[in-house]
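The structure appears right after this line, and notes come after that.
Only this structure's heavy atoms are used, side chains among them; waters, hydrogens and symmetry mates stay out. The sequence lines fix the lettering, A, B, ..., with proteins before strands; numbering per chain opens at 1.
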Number of protein chains: 2
Amino acid sequence: MEKQSVTIYTVAREARVSMATVSRVVNGNPNVKPETRKKVLDVIKQLNYRPNAVARGLASKKTTTVGVVIPDVTNAYFAELALGIDDIASMYKYNMILTNSDADDRKALQVVRGLMAKQVDGIIFMGHDIPEELRQEFSSSNVPVVVAGSVTNDDELPTVRIDYQEATKQAIKYLIERVDGPVALVVGSKDSTINKRYRIEGYKQALQEAGKDFDEKLIFETHDSYAEGYKQSQAIADSGAKAAFVSDDGVAAGLLNGLTDHGVKVPDEFQIVASNNTKTTEITRPKLTTITQPLYDLGAVSMRLLTKLMNSKDEDKEDDESKDVILEHGFEKRQSTR
Amino acid sequence: MEKQSVTIYTVAREARVSMATVSRVVNGNPNVKPETRKKVLDVIKQLNYRPNAVARGLASKKTTTVGVVIPDVTNAYFAELALGIDDIASMYKYNMILTNSDADDRKALQVVRGLMAKQVDGIIFMGHDIPEELRQEFSSSNVPVVVAGSVTNDDELPTVRIDYQEATKQAIKYLIERVDGPVALVVGSKDSTINKRYRIEGYKQALQEAGKDFDEKLIFETHDSYAEGYKQSQAIADSGAKAAFVSDDGVAAGLLNGLTDHGVKVPDEFQIVASNNTKTTEITRPKLTTITQPLYDLGAVSMRLLTKLMNSKDEDKEDDESKDVILEHGFEKRQSTR
DNA sequence: GTGAAAGCGCTAACAT
DNA sequence: ATGTTAGCGCTTTCAC
């Protein structure tokens, strides 16, 4: 039972060098005679010495840990991003503290405070809006933050995302061309920035270019879940809409199945375009036509950007070319449209 | 721009007390005169002092952080468990470092070493087997480990799970009663403990009780993904099997859709029982009949158990009642069986 | 009820 | 190339 008791000092003594030297070889500092290095390395192996990251963090003020705030890990969209984040993080020797905010402002604030207390070197924030208190927390902290897979009300924060306005516009135009009747927009909250400033704008633009009137009643608000989409399917059908673009794949699947169960044929009587191309869109029958996004890359690029920010001195941060990174999106026609 | 520079010492000076006293009030130690406490609290608020968790971790040898090893966050089964874990963790003021092992032994070993270096107070391991080197890592470390949502080759480790053997047996019996022909078992690796010792045993028992012969060719190995299930659907149909119990919901959905696309009618010509009751099983058409598991609770209970282990002195650990926690499972008939 | 002081295990000047 | 010496910000005896 080898108690955790072999420290840098134990190694130093055993190898007959100073702890500074041990620290050097552990950290790959070139200023060590190969001979000494070998001796130290041998002792390290023999004693099975493992550097204590907490002590290292205290001394160096770097924890090689990043915080990731996610509304809900069980949402396939966010989970895919999280995978991309973790892959890149581990490539750069970072770990990620994953915290669910439950898409709740108070919880988000609380988890971020916790992350700051743990001295994370950076934060990746997923979620559609940032309450005022949290903005202050961010801006008064020196800890770099990047928003992944969304846009928020805070323009200061760098984001990695697709062009939501354009994507929405395309989807709506596509539907308008194929449908003889109103096209609905099914989103989260109308008031969140991503919807208010981007998706709803794209929606309006598409309508306008097609010479159609905007009707507020054709915008439906949901929580992002299959059950919610299923539940609202009746109301959406009743609105007279003959098609819908849906911002969450779970909701889109719920809408599809709800419609089908109520006897509305998709795509013959109602057409649907989903938004994220998660696996869900392939599993439903009919398969969902969808905007495609590089989900994994959205996460991976966010993490790459964050490492950059973490390694640039504060003064340079503003200069960093990449305030916002817009990744390409696409469109895949499947069976829920004609 | 308030630099992170207000420490316990700043507070002490400002409040005209010693840092020991500040530490006491921060940690809720009752040995502080209410008057002093108030004074300190006031200064803390005024200075917006936040304890540094890293320093605290070094001094106290407790990080209030647990490591969670997960094969793949994008698998709905594991993601649901992770949510349960995080909820309970945050309830107990713990954070979770989430690391993907990609179901790969070398990666798992590597991430666990990283977690140990970060001095996590405990580890929740998801995954079906533990390579020898990792077992040693675990057993030589004093860090409590619990296995969530599976069983492994390491009998020493406490697990939180359902009774896989019984669940499999039930599902197979159910299918045998309804099907005129062979019943297949679709699992991950035949060699993993969960399959070898539990599911395949349950499969054999069900066959035996029904007076049927065991045929190795009716066991199919897959990776846990929709695409894999889809790909193997042809081979499974060709085997002559008329039904299958599938251990991963994604695979079950792939099998279902693959069969359907190849013109095999489910449930009329082939029946399927899935295993985890993730949302996927509700999204497919026909909906998947499935074993039901309390996914969230599996995670939540694992974390609860871990907190117990983390707080019991080493000597008592063995005594802890709950070596293995077996949660109840159920069965839900839907449309993929008759 | 409160304070003084010794670490926790490491990094990072600064010497040599 | 290597060693010495301060801390990093906190917890925790041990005195008083």
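Taking atom CG of residue B:L58 and atom C1' of nucleotide C:dC8, one finds them 4 Å apart after rounding to whole Å. Separating the CZ atom of B:R37 from the P atom of C:dG1 is a distance of 10 Å, rounded to the nearest angstrom. Protein atom CG of A:L47 is 15 Å distant from nucleotide atom C1' of C:dG9, rounded to whole Å. Atom NZ in B:K61 sits roughly 10 Å away from atom C1' in C:dG7 (whole-Å rounding). As rounded to whole Å, 12 Å separates atom P of C:dG1 from atom CD of B:E35. Across the protein-nucleic acid pair, A:R16 atom CZ and D:dG3 atom C1' stand 16 Å apart, rounded to whole Å. Rounded to whole Å, atom P of D:dG9 lies 14 Å from atom NZ of A:K62.
Among the nucleotides D:dG3, C:dT2, D:dT2, the one closest to any side-chain atom of A:V17 is D:dG3.
In this view, B:E132 and B:R135, B:Q136 satisfy the side chain to side chain contact (heavy atoms under 4.5 Å, CB included) rule, not counting sequence neighbours. Qualifying side chain to side chain donor-acceptor pair (under 3.5 Å) partners for B:R113, counting only residues two or more places apart in sequence or in other chains: B:E137. The salt bridge (charged side-chain N to carboxylate O under 4.0 Å, His left out) test applied to B:R13 returns no partner, not counting sequence neighbours. Shown here are the side chain to side chain contact (heavy atoms under 4.5 Å, CB included) partners of B:A55, two or more places apart in sequence or in another chain: A:L58, B:N52. Looking at residues two or more places apart in sequence or on another chain, you find no salt bridge (charged side-chain N to carboxylate O under 4.0 Å, His left out) involving B:D121. Not counting sequence neighbours, A:D105 has no partner by the side chain to side chain donor-acceptor pair (under 3.5 Å) test.
Summary of helix geometry: the two end axes of the helix from C:dG1-D:dC16 to C:dT16-D:dA1, each defined by five base pairs via their C1' atoms, are inclined to each other by 30° (rounded to 10°).
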Sugar-phosphate or base contact per nucleotide [nucleotides 10-16 of chain C; S, B, -; heavy atom under 4.0 Å]: BBB----
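Between the side chains of A:T193 and A:D129, at least one donor N or O sits under 3.5 Å from an acceptor N or O.
Relative ring orientation between B:H128 and B:F78 is described as tilted, the plane-to-plane angle lying within the 30° to 60° band.
Neither OP1 nor OP2 of C:dA4 sits under 4.0 Å from any side-chain N or O of B:S18.
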Please table the atom pairs, donor to acceptor, closer than 3.5 Å between any side-chain atom in residues 80-94 of chain B and protein atoms at least two apart or in another chain.
{"unit_1": "B:D86", "atom_1": "OD2", "unit_2": "A:N100", "atom_2": "N", "d": "3.0"}
{"unit_1": "B:D87", "atom_1": "OD2", "unit_2": "B:Y296", "atom_2": "OH", "d": "2.5"}
{"unit_1": "B:S90", "atom_1": "OG", "unit_2": "B:D87", "atom_2": "O", "d": "3.3"}

